[in-house]
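I have placed the structure first, in the form of structure tokens, so that the comments after it can refer back to it.
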Amino acid sequence: MLTLAEQEFDVLLTTDRGIPHQQDLSRFVLMVLAPFHGWHLYCYTACELDTPDGDPEARLYLEASPTVADRGRSVTVMRQIALRDEWQSSGLDDPTGFLRVWRGRSLASLLYEVDYIAAVKRFFIESIRQLREELTAFKKEHPDLPWHAE
């Protein structure tokens, strides 16, 4: 029997809210989980191909475009998320670029699991839980931002 979080993840994978298998030069975007279009903020899963050690990674991203509403508050929440173990950030000090935080796990390390598909799911579920905790607290502090996903 699936836990509630696993059921939620399975629903996310089967809805049309995402962009399955969209590819750019170094990343396969697997699913856009929450496109906050009015805010230009996106949460998505990806298989990152261009990593420092050369091993592809499963990643969960929270990304904001350069035109994100209230950039200062977006940087604040992303800095807070990046303080968590295994979370990284980029662009937070660039006033004109994309803002990103992510949590990644080497696919090679997950392939050693007996059920590697379940291991990948567990990684994404745990990452989503951590991100949800941070965003829920931030949302309570800043309810005036456009939080509804489209």
Does Val101 form a side chain to side chain contact (heavy atoms under 4.5 Å, CB included) with Gln88? I'd like the steps, not just the answer. CA-CA 5 Å; Val101 289; Gln88 299 178 50; over 6 Å; no

What do the steps show when you test Arg105 against Glu86 for side chain to side chain contact (heavy atoms under 4.5 Å, CB included), and what is the final call? CA-CA 9 Å; Arg105 181 79 40 90; Glu86 300 181 342; 3.0 Å; yes

Between Met78 and Arg73, does a side chain to side chain contact (heavy atoms under 4.5 Å, CB included) hold up when you go through it step by step? CA-CA 9 Å; Met78 289 190 181; Arg73 288 194 282 182; over 6 Å; no

Side chain to side chain contact (heavy atoms under 4.5 Å, CB included) between Arg79 and Leu99, worked out: CA-CA 10 Å; Arg79 284 193 195 286; Leu99 308 171; over 6 Å; no

Show your working on salt bridge (Lys or Arg N to Asp or Glu O under 4.0 Å) between Glu133 and Arg84 and close with a plain yes or no. CA-CA 11 Å; Glu133 287 173 12; Arg84 283 183 168 250; 2.5 Å; yes

Can Glu126 and Arg103 be said to form a salt bridge (Lys or Arg N to Asp or Glu O under 4.0 Å), step by step? CA-CA 10 Å; Glu126 179 58 29; Arg103 183 174 186 243; 5.4 Å; no

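Listed by chain and number, the residues in a side-chain hydrogen bond (donor to acceptor under 3.5 Å, both in side chains) with Thr136 amount to none (sequence neighbours excluded).
For Pro95 against Arg71, the heavy-atom pair with the smallest separation is O-NE, 3.4 Å. What you find for Glu57 and Gly104 is that their closest heavy atoms are OE1-CA, 3.8 Å.
Distance check, rounded to the nearest 0.5 Å: CG of Asp55 to CG of Leu111 gives 10.0 Å. Annotation: the span from Leu110 atom CG to Ile117 atom CD1 amounts to 10.0 Å, rounded to 0.5 Å. Atom CZ in Phe124 sits 12.5 Å away from atom CG in Leu131 (nearest 0.5 Å). Expressed to the nearest 0.5 Å, how far CG of Leu62 lies from OG of Ser74 amounts to 8.5 Å. The distance from atom OG of Ser90 to atom OH of Tyr61, rounded to the nearest 0.5 Å, is 8.0 Å. One distance of note links CZ of Arg100 with CZ of Arg59; it measures 10.0 Å at 0.5 Å rounding.
Cluster note: Phe98 groups with no other residue, as no ILVMFWY side-chain heavy atom lies under 4.5 Å from it.
With a 4.5 Å cut-off on side-chain heavy atoms, Tyr116 and Leu107 do not count as touching.
Between the side chains of Trp102 and Glu63, not a single donor N or O lies within less than 3.5 Å of an accepting N or O.
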